[in-house]
*Asks:* 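Before we start, here is the structure in question, set down as structure tokens.
Below, chains carry the letters A, B, ... as their sequence lines are ordered, and counting in each starts from 1. All values reported here derive from a predicted model rather than from experimental measurement.
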Amino acid sequence: MESFPGLNYRIPVPKNRWNREQRLFLCCLHEFFKRDQVVFKDIFNHVFRSEVRECGLIDGISWNAMDAQWREMVRYSYTEWREVHQDSFDGIRRWRPILSQIKHTVRHLGLQIIPKYSPEEVHATDEEEQEPDSEIVSPTQNNTSLCNGGGKVCFWCAQEQTTSEENPEPTNSSRTKSNDEVPRFLYRWSNIDSQGVNSKRLFLAGLFADGREQFSPEDISQEQFSEYFLRHAHIEKTPSPFISTFISMLSPVHRALWNKEGAIISIIDTKKLDTALYSAKDNFRKHNLRIRGYDGRGEYLVWGRIPSAAIICAVKISTIQQLADEHTEIGKLLQLEKIASHKFNRRKLHEDLARGAGNLDRASGFAIGKLLFSIDLPFEFSTDVSEGLFHSWRLKRTGSWESFHEGVDAGY
DNA sequence: CGTCGCACAGTATAGATACA
DNA sequence: TGTATCTATACTGTGCGACG
């Protein structure tokens with residue numbers, strides 16, 4: 001019996017007792033600094049070493065446990081999480097004590113940490129800062145500096161209370177369109193059950209469809225925007241101000257095949273849009289929103305409406321199926337049965353498609369050209385759209401673009 | 001050069017466990 | 001019994017060398 005005390009008397013695994021202060025601290029780390037396992041863990045364990053040790057965690061809390069707590073907060077929208085993340089710039093002064101605590105700990109431990117919102121010029125103009133900020137590495141390459149862009153409050157300025165009060169509208173600026181390149185073409189799937197107005201000539205978001213008053217994203221608060229966005233991403237059932245579109249035509253075709261009834265696929269020219277366009281992925285990232293199992297990649301949300309000028313082509317899925325049946329080369333190219341056999345438009349489907357895909361040659365180009373011609377896509381767009389199809393349908397790269405485009409032209 | 005297989009790191013999620 | 005915390009595990013992306 002006593003020979004295996006470790007087995008007979010299991011020592012309970014020590015756990016941290018998370019309190020509000022610790023949670024806020026962890027939230028500030030995530031909100032204001034680039035995620036770094038080792039650094040976050042060391043800072044936290046140093047600041048809360050006595051509390052953590054009291055819980056039996058002699059070597060401090062593990063990164064995994066700490067990260068689990070972070071995820072819990074995000075997942076269940078803990079009040080601490082909401083406080084720190086939902087009005088980060090308005091409330092930035094509130095977190096000054098925590099931020100300077102982080103700063104001092106970083107310095108004390110000789111670590112390096114990268115602020116999320118830190119333009120270089122702050123250091124240059126920062127007179128009162130005596131000690132060199134050597135441990136604060138400015139993000140050089142992917143400089144997503146928010147300080148100069150869009151009149152946004154600079155992180156360190158706000159922290160050091162050097163920011164003037166007359167900042168125009170800090171809450172709205174982070175919601176503006178991303179600077180990242182917007183794709184030239186977007187693809188939409190819709191059917192008779194889709195909300196809003198979905199004709200071949202015009203799309204109207206569900207919220208604005210019944211002659212209800214229109215409003216622009218600037219008219220509503222940050223929270224309301226996030227709320228609409230989350231509801232839209234969750235369930236399409238509630239009226240939404242957004243219209244979903246995708247960067248790849250595969251995704252709407254896949255959806256259309258699974259929801260056949262009157263499904264329409266439309267190709268949209270983003271240059272002709274007259275309302276705001278948001279990347280779903282950026283929205284998640286910028287507002288620290290999460291939804292289980294979905295990160296928004298590939299999806300773009302159009303605000304309110306898509307005017308007929310922007311709809312360069314609209315085609316019923318049944319037409320596409322018919323084309324695939326009638327023309328073997330189109331059928332072979334599209335592999336509709338494969339698409340229909342996969343429940344999810346994920347890696348599995350892509351691999352499957354790649355196995356049966358053609359090459360970068362005249363034959364593939366011809367099939368695509370013929371398809372695009374048949375669905376009345378204006379010739380001027382054929383180059384871009386055909387290249388999109390090439391990538392989406394996972395064609396092999398053996399061959400040349402020249403022969404491919406030649407084939408596309410021939411198909412018209 | 002492009003593709004494949006592998007290893008590795010980081011991340012998301014289910015659910016086990018201890019505790020109130 | 002329900003909640004808080006965290007582990008175990010599955011998933012995803014990425015880099016790298018081998019290979020044709």
*Asks:* Answer yes or no: are there more than 12 heavy-atom neighbours, outside F373(A) itself, under 6.0 Å from its atom CZ?
*Replies:* no

*Asks:* Round to the nearest Å and state the distance from L395(A) atom CG to dT3(B) atom C1'.
*Replies:* 15 Å

*Asks:* Taking the minimum atom-to-atom distance to the side chain of R23(A), which one of dC6(C), dA4(C), dT11(B) wins?
*Replies:* dA4(C)

*Asks:* Using 4.0 Å as the upper bound for N to carboxylate O, is an ion pair formed by D409(A) and R362(A)?
*Replies:*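 No salt bridge links R362(A) with D409(A).
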
*Asks:* Can you measure N64(A) atom CG to dT17(B) atom P for me and round it to whole angstrom units?
*Replies:* 18 Å

*Asks:* What's the CG-P distance between D67(A) and dT7(C), to the nearest Å?
*Replies:*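 Interatomic distance, CG of D67(A) to P of dT7(C): 12 Å.
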
*Asks:* dT11(B), dA20(B), dC6(C): which one has an atom nearest the side-chain heavy atoms of R35(A)?
*Replies:* dT11(B)

*Asks:* Quick one: which of dC6(C), dA20(B), dT11(B) gets closest to the side chain of Q37(A)?
*Replies:*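 The listed nucleotide nearest to Q37(A)'s side chain is dT11(B).
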
*Asks:* Give me the residues of residues 46-55 of chain A where at least one heavy atom lies under 4.0 Å from an atom of DNA chain C, by number, or none.
*Replies:*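 Per residue number, the list is empty: none.
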
*Asks:* Starting from C1' on dA20(B), measure out to CH2 on W18(A) and report it in whole angstrom.
*Replies:* 20 Å

*Asks:* Cation over ring, R35(A) on F40(A), under 6.0 Å and within 45°?
*Replies:* no

*Asks:* Any donor-acceptor pair, under 3.5 Å, between the side chain of Q69(A) and the base of dC6(C), if you only look at N and O atoms?
*Replies:* no

*Asks:* Flag the pair D274(A) and R305(A) as a salt bridge only when some basic side-chain nitrogen lies within less than 4.0 angstrom of an acidic carboxylate oxygen.
*Replies:*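 Salt bridge between D274(A) and R305(A), a charged N being under 4.0 Å from a carboxylate O: yes.
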
*Asks:* To the nearest angstrom, how far is H391(A) atom NE2 from dG2(B) atom C1'?
*Replies:*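 Rounded to the whole Å, the gap is 14 Å.
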
*Asks:* Specify the residue among W63(A) and K15(A) whose closest nucleotide of DNA chain B lies further upstream toward the 5′ end.
*Replies:*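 Going by which nucleotide is closer to the 5' end, it is W63(A).
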
*Asks:* If we ignore hydrogens and angles and just use 3.5 Å, is the side chain of S392(A) paired with the main-chain N or O of L389(A) as donor and acceptor?
*Replies:* no

*Asks:* Quick one, D42(A) with R49(A), criterion salt bridge (Lys or Arg N to Asp or Glu O under 4.0 Å). Give me CA distance, side-chain angles, the key distance, then yes/no.
*Replies:* CA-CA 10 Å; D42(A) 288 352; R49(A) 58 189 175 285; over 6 Å; no

*Asks:* Take atom NZ of K41(A) and atom P of dC6(C), then tell me their distance rounded to the nearest Å.
*Replies:* 14 Å

*Asks:* With sugar-phosphate meaning primed atoms plus P, OP1 and OP2, does N16(A) contact a base, only sugar-phosphate, or nothing at under 4.0 Å between heavy atoms?
*Replies:*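 Sugar-phosphate, no base atom in range.
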
*Asks:* Between dT13(B), dA4(C), dT7(C), which nucleotide gets closest to the side-chain atoms of R71(A)?
*Replies:* dT13(B)

*Asks:* Say you draw a straight line from SG of C313(A) to CD1 of I375(A); how long is it, rounded to the nearest 0.5 Å?
*Replies:* 4.0 Å

*Asks:* Rounded to whole angstroms, how far apart are CH2 on W70(A) and C1' on dG10(B)?
*Replies:* 16 Å

*Asks:* Round to the nearest Å and state the distance from L360(A) atom CG to dG2(B) atom P.
*Replies:* 10 Å

